[in-house]
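Quick notes on the structure that follows.
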Amino acid sequence: ALGAKVVADKIQKITKSDGGFKLTGEAGEEYLAKSVIFTHGAARRKLNLPKEDEFSLGKGVHYCTTCDGPLYKGKTIAIVGSGDASVKGALLAVQYASKIYMIVRGGKLHPEPINAERLKPYLGQKVEVLPNSQVKEILGEDRLTGVRLSNDKELKLDGLFVEIGAVPEMELVESLEIKLDSHGYVAVDNMMETNIEGVFAAGDATNFFGHFKQDVTAAAMGAVAATSAFNYLQKTP
């Protein structure tokens with residue numbers, strides 16, 4: 001109603017042009033803009049196993065313990081990963097799940113020290129760490145019923161949580177020479193501004209809130225980025 005136009009296209013290239021930016025779509029269509037907001041998110045790292053995508057559609061495979069852990073009250077789950085995100089996921093899940101397996105590819109967990117201390121009381125009880133293990137196969141017909149590990153051990157599970165990080169797609173961002181942070185995400189200030197004038201970013205394309213990546217934080221950053229872009233356009237001829 002206010003004149004916004006929604007275009008179904010995938011941008012393949014962004015270049016600086018006179019007075020702004022030129023964006024090129026899949027079919028070669030070109031769009032001119034005085035400002036750009038990157039909100040392309042980040043893709044969750046997956047195990048790349050058969051049935052994984054199918055079972056991630058509400059059938060037992062998840063990528064966010066914070067989001068879906070409460071669904072498994074009194075159930076048995078496994079968390080894949082050794083970093084701080086997996087340990088924080090376990091600390092949340094102990095409030096709900098009856099048993100938690102932590103599947104660790106290396107020899108031990110690598111959380112922040114404070115979270116390692118918080119996890120200690122649960123180790124050997126609710127939480128069992130399985131070092132030097134990887135998920136070899138996802139079991140189940142219509143939904144996940146368990147996994148087979150690299151040592152051929154089978155675990156009966158109600159849910160599997162893959163907490164091995166996310167990969168932001170930064171090819172377009174880097175083509176504009178936008179600065180990234182130490183984790184490979186778009187570096188922004190508290191107004192979602194990048195180092196390139198007229199370019200902003202929001203949501204999981206940034207690491208503004210660290211590991212806490214939720215719809216509500218993405219929406220908040222989007223509101224800030226939109227406001228910043230609006231203010232930029234008011235002072236740009």
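Values below: every heavy atom of this structure, side chains too, minus hydrogens, waters and symmetry copies.
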Kindly confirm or rule out a cation-pi arrangement of Lys99 over Tyr101, judged by NZ or CZ under 6.0 Å from the six-membered ring centre and within 45° of its axis? yes
Which of parallel (below 30°), tilted (30 to 60°) and perpendicular (above 60°) describes Phe200 and Tyr232? perpendicular
Contact summary for [X] and [Y], nearest pair of heavy atoms:
X	Y	result
Ala225	Ala202	CB-CB, 4.1 Å
Pro111	Val87	CB-CG2, 3.5 Å
Thr65	Ala93	CG2-CB, 4.1 Å
Arg45	Ile164	CD-O, 3.3 Å
Thr194	Ala201	CG2-N, 4.3 Å
Pro121	Gln125	O-NE2, 3.0 Å

Proximity of [X] and [Y] rings by center, below 6.0 Å:
X	Y	result
His62	Phe55	no
Tyr185	His183	no
Tyr31	Phe21	no

What do you reckon, is CD of Gln12 surrounded by more than 12 foreign heavy atoms closer than 6.0 Å? yes
Take a 6.0 Å sphere around CD1 of Ile114 and say whether it holds more than 12 heavy atoms from other residues, nucleotides or ligands. no
Could you walk me through whether Lys10 and Glu26 satisfy the salt bridge (Lys or Arg N to Asp or Glu O under 4.0 Å) test, starting with their C-alpha distance in whole Å, then the side-chain angles of each, then the deciding distance to 0.1 Å, before giving a yes or no? CA-CA 6 Å; Lys10 184 174 182 180; Glu26 283 186 306; 5.5 Å; no
Residue pairs, two or more places apart or on separate chains, that pass disulfide (SG to SG under 2.5 Å) and touch residues 166-237: none
Exactly one of Tyr96, Tyr72, Tyr63 clears ring pair (Phe, Tyr, Trp, His ring centres under 6.0 Å) with Phe161, and that residue is Tyr72
Contacts of Val224 that satisfy side chain to side chain contact (heavy atoms under 4.5 Å, CB included) - sequence neighbours left out: Met191, Met192, Ser228
Quick one: does Lys213's side chain have a donor or acceptor within less than 3.5 Å of a partner on Gly210's backbone? yes
Among all residues two or more places apart in sequence or in another chain, which pass the salt bridge (Lys or Arg N to Asp or Glu O under 4.0 Å) test with Lys46? Asp53
Please determine whether residues Ile37 and Met221 belong to a single hydrophobic cluster, defined as Ile, Leu, Val, Met, Phe, Trp and Tyr linked transitively by side-chain heavy-atom distances below 4.5 Å. no
Check each of Leu155, Val80, Val104, Asn151 against Leu130 using the side chain to side chain contact (heavy atoms under 4.5 Å, CB included) test, and report the only one that passes. Leu155
Do Glu54 and Lys51 sit within salt-bridge range, that is, some charged N less than 4.0 Å from a carboxylate O? no
